[in-house]
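Only this structure's heavy atoms are used, side chains among them; waters, hydrogens and symmetry mates stay out.
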Amino acid sequence: MERKVKILGTGKYLPQRQVTAEELDEKLGLSAGWVAKKSGVRIRHFVTDETASQMGAIAAQRALEMAGLDFSDIDCLVCASGTSQQEIPCTAALIQKELHQSHSGIPCFDMNSTCLSFVTALDILSCSLAMGCYQRILIVSTEVASVGLNWGQKESCVLFGDGAAAVVIGRTGEGENSRILSSRMQTYSEGAHYSEIRGGGTLVHPSQYGQGREADFQFDMDGKKIFRMTSQLITGFVEELLNSARIKKQDIRLVIPHQASGMALRIMGTKLGFSSSQMMNIIENHGNVIAASIPMALHEAIVQEKVQRGDLLLLLGTSAGLSLGGLLLAY
């Protein structure tokens, strides 16, 4: 389903605290250079006193400024994140409050498909725009990954960083070419427990935290199983997505993948047949910022002028579930 939807502005925020690969080598008792080689991340950012809603509000304000809009020009605010600031209310409402728009009445809600949350939100909300339900929507992905890391799992804890990214979308104007060409998502729950945080919901309630179940409240990932399963599925998935839009790989100006790890990005590009110049890679100085990774990479591609209006972009990633998601758009 092609949709006449345009990206109007983007913004991002990174916490002030930088954590280097060398620091983590020392913290984890690893040989010098292990973290950088294993993860591909030399610098990631961790919050100090920032909250998810504060980071999201800053990124949102920057996206509005790039779009030349005020908050009053927005019809809806959606937080598309894999982590939430608190169980209730939704993080989007807390972002609205941080933006000093508590009395605006603009609807706020959250969407969560973990690392694919932004792609999912863009896909679903673009349909709402195309149908005329809204005119402009502000999507914010804000993540605090650092608080849930299991420092006993050295392969996963060295990947992640904190931060926020925001994107304003609106209906494409007359005579403009910006649009979403095609989108696709598939979930294979055989891998549902390959990447998870079991605690915090109704299965393992927070009241059980001090009862020897502390590990249930930390991120748990089997990277080898995720990689194996994703490798089996990703090629066919991308081919179906491109075929549905009658687009060839060489037509794509830039692939903006989820920044899972340095190794994952290299292997994905090679396996799918995209050149290194087609792959947007910001993992080295951002880390894996969960759902904020794709809109952060999109923002950097725009501000670094790696894409121009009309260029074809492929947003692509995987998430816990196990899910694959992709979206083709003309910027």
Side-chain angles (χ1 to χ4, degrees), residues 7 10 12 14 21 36-44 115-120 122-123 141 158-161 163 165 167 180-186 223 226-245 247-319 323-331:
I7 293 171
T10 61
K12 78 168 187 177
L14 293 173
K37 182 178 180 180
K38 188 71 174 180
S39 67
V41 186
R42 296 190 177 276
I43 297 172
R44 78 279 292 141
C115 296
L116 283 171
S117 297
F118 173 77
V119 176
T120 302
L122 179 57
D123 183 18
S141 295
V158 299
L159 297 173
F160 294 91
V167 175
I180 291 175
L181 284 76
S182 182
S183 60
R184 190 175 186 84
M185 182 177 182
Q186 295 177 343
I226 292 173
F227 177 77
R228 190 179 304 118
M229 189 171 183
T230 301
S231 295
Q232 294 171 350
L233 298 168
I234 192 70
T235 301
F237 175 85
V238 171
E239 288 177 353
E240 290 175 8
L241 177 61
L242 297 179
N243 289 339
S244 67
I247 296 295
K248 297 179 179 179
K249 291 177 183 178
Q250 58 266 33
D251 297 327
I252 296 174
R253 176 68 185 88
L254 205 60
V255 180
I256 301 180
H258 171 51
Q259 308 290 301
S261 71
M263 182 182 297
L265 290 173
R266 290 192 300 273
I267 293 174
M268 178 185 288
T270 302
K271 187 175 183 64
L272 295 177
F274 292 110
S275 67
S276 58
S277 62
Q278 285 179 291
M279 298 290 290
M280 186 66 191
N281 188 336
I282 63 169
I283 189 78
E284 184 177 24
N285 56 1
H286 288 74
N288 180 337
V289 198
I290 315 179
S293 287
I294 288 178
M296 275 186 181
L298 173 63
H299 171 77
E300 287 300 317
I302 294 169
V303 298
Q304 293 177 28
E305 298 183 344
K306 292 189 174 185
V307 295
Q308 305 295 327
R309 285 294 179 189
D311 284 347
L312 292 180
L313 308 180
L314 170 61
L315 311 186
L316 180 66
T318 60
S319 71
S323 295
L324 296 86
L327 187 146
L328 274 167
L329 64 90
Y331 173 68

As a quick check of understanding, evaluate side chain to side chain contact (heavy atoms under 4.5 Å, CB included) for Leu328 and Ile252, giving each step before the final call. CA-CA 9 Å; Leu328 274 167; Ile252 296 174; 4.1 Å; yes

Can you list the steps and then say if Leu122 with Leu315 is a side chain to side chain contact (heavy atoms under 4.5 Å, CB included)? CA-CA 10 Å; Leu122 179 57; Leu315 311 186; 3.8 Å; yes

Given the rule in the side chain to side chain contact (heavy atoms under 4.5 Å, CB included) test, do Leu233 and Gln186 qualify, once you have shown the distances and angles that lead to the verdict? CA-CA 10 Å; Leu233 298 168; Gln186 295 177 343; 5.7 Å; no

Can you name the closest pair of heavy atoms from Ser231 and Lys271 and give their distance? O-CE, 2.9 Å

Looking at every heavy atom in both Gly326 and Phe237, which two are closest together, and how far apart are they? N-CZ, 3.6 Å

Value rounded to 0.5 Å, distance of CD1 in Ile283 from CD1 in Ile43: 12.5 Å

Return the CD1 to CG distance between Ile256 and Asn281, rounded to the nearest 0.5 Å. 12.0 Å

Do Leu314 and Ile247 make a side-chain contact, defined as non-hydrogen atoms from C-beta onward lying under 4.5 Å apart? no

Just jot down the side chain to side chain contact (heavy atoms under 4.5 Å, CB included) partners of Ser319, sequence neighbours excluded, or say none. Thr114, Cys115, Leu116, Ser323

Search all heavy atoms of Gly317 against all heavy atoms of His258 and return the closest pair with its distance. CA-CB, 3.9 Å

Answer yes or no: is there a donor N or O on one side and an acceptor on the other, between the side chain of Glu284 and the main chain of Arg42, under 3.5 Å? no

Kindly say whether Ala292 contributes a backbone atom to a donor-acceptor pair with the side chain of Lys12 at under 3.5 angstrom? no

Output, in order, the C-alpha distance, side-chain angles, deciding distance and verdict of side chain to side chain contact (heavy atoms under 4.5 Å, CB included) for Leu312 and Leu181. CA-CA 9 Å; Leu312 292 180; Leu181 284 76; 4.1 Å; yes

Taking all atoms of both residues into account, what is the closest heavy-atom pair of Val41 and Ala21, and its distance? O-CB, 3.6 Å

Considering non-hydrogen atoms only, spot the tightest contact between Ser183 and Asp123 and give its length. OG-OD1, 2.8 Å

Sub-3.5 Å donor-acceptor pair from the side chain of Arg184 to the main-chain atoms of Leu242, do we have one? no

To the nearest 0.5 Å, tell me how far Met280 CE sits from Ile294 CD1. 12.5 Å

Ser117 OG to Ile290 CD1 distance, which is reported to the nearest 0.5 Å: 9.0 Å

Determine whether a donor-acceptor pair (N or O, by modelled atom type, separation under 3.5 Å) exists between the side chain of Gln278 and the backbone of Gly269. no

If you look only at pairs with a residue in residues 303-319, which of them pass as a salt bridge (charged side-chain N to carboxylate O under 4.0 Å, His left out), with sequence neighbours excluded? none

For the residue pair Phe118 and Val167, establish whether any side-chain heavy-atom pair is separated by less than 4.5 Å. yes

Please report the shortest heavy-atom distance between Asn285 and Ile282, naming the atom on each side. OD1-O, 3.2 Å

Roughly how far apart are Asn243 CG and Lys248 NZ, rounded to 0.5 Å? 10.5 Å

From CZ (Phe227) to CD1 (Ile234), nearest 0.5 Å: 11.0 Å

Between Ser182 and Ser244, do the side chains contain a donor N or O and an acceptor N or O under 3.5 Å apart? yes

Ignoring hydrogens and geometry, is there a side-chain-to-backbone donor-acceptor pair from Gln259 to Ser293 under 3.5 Å? no

Within a reach of under 6.0 Å around NZ of Lys249, are more than 12 heavy atoms found that belong to other residues, nucleotides or ligands? yes

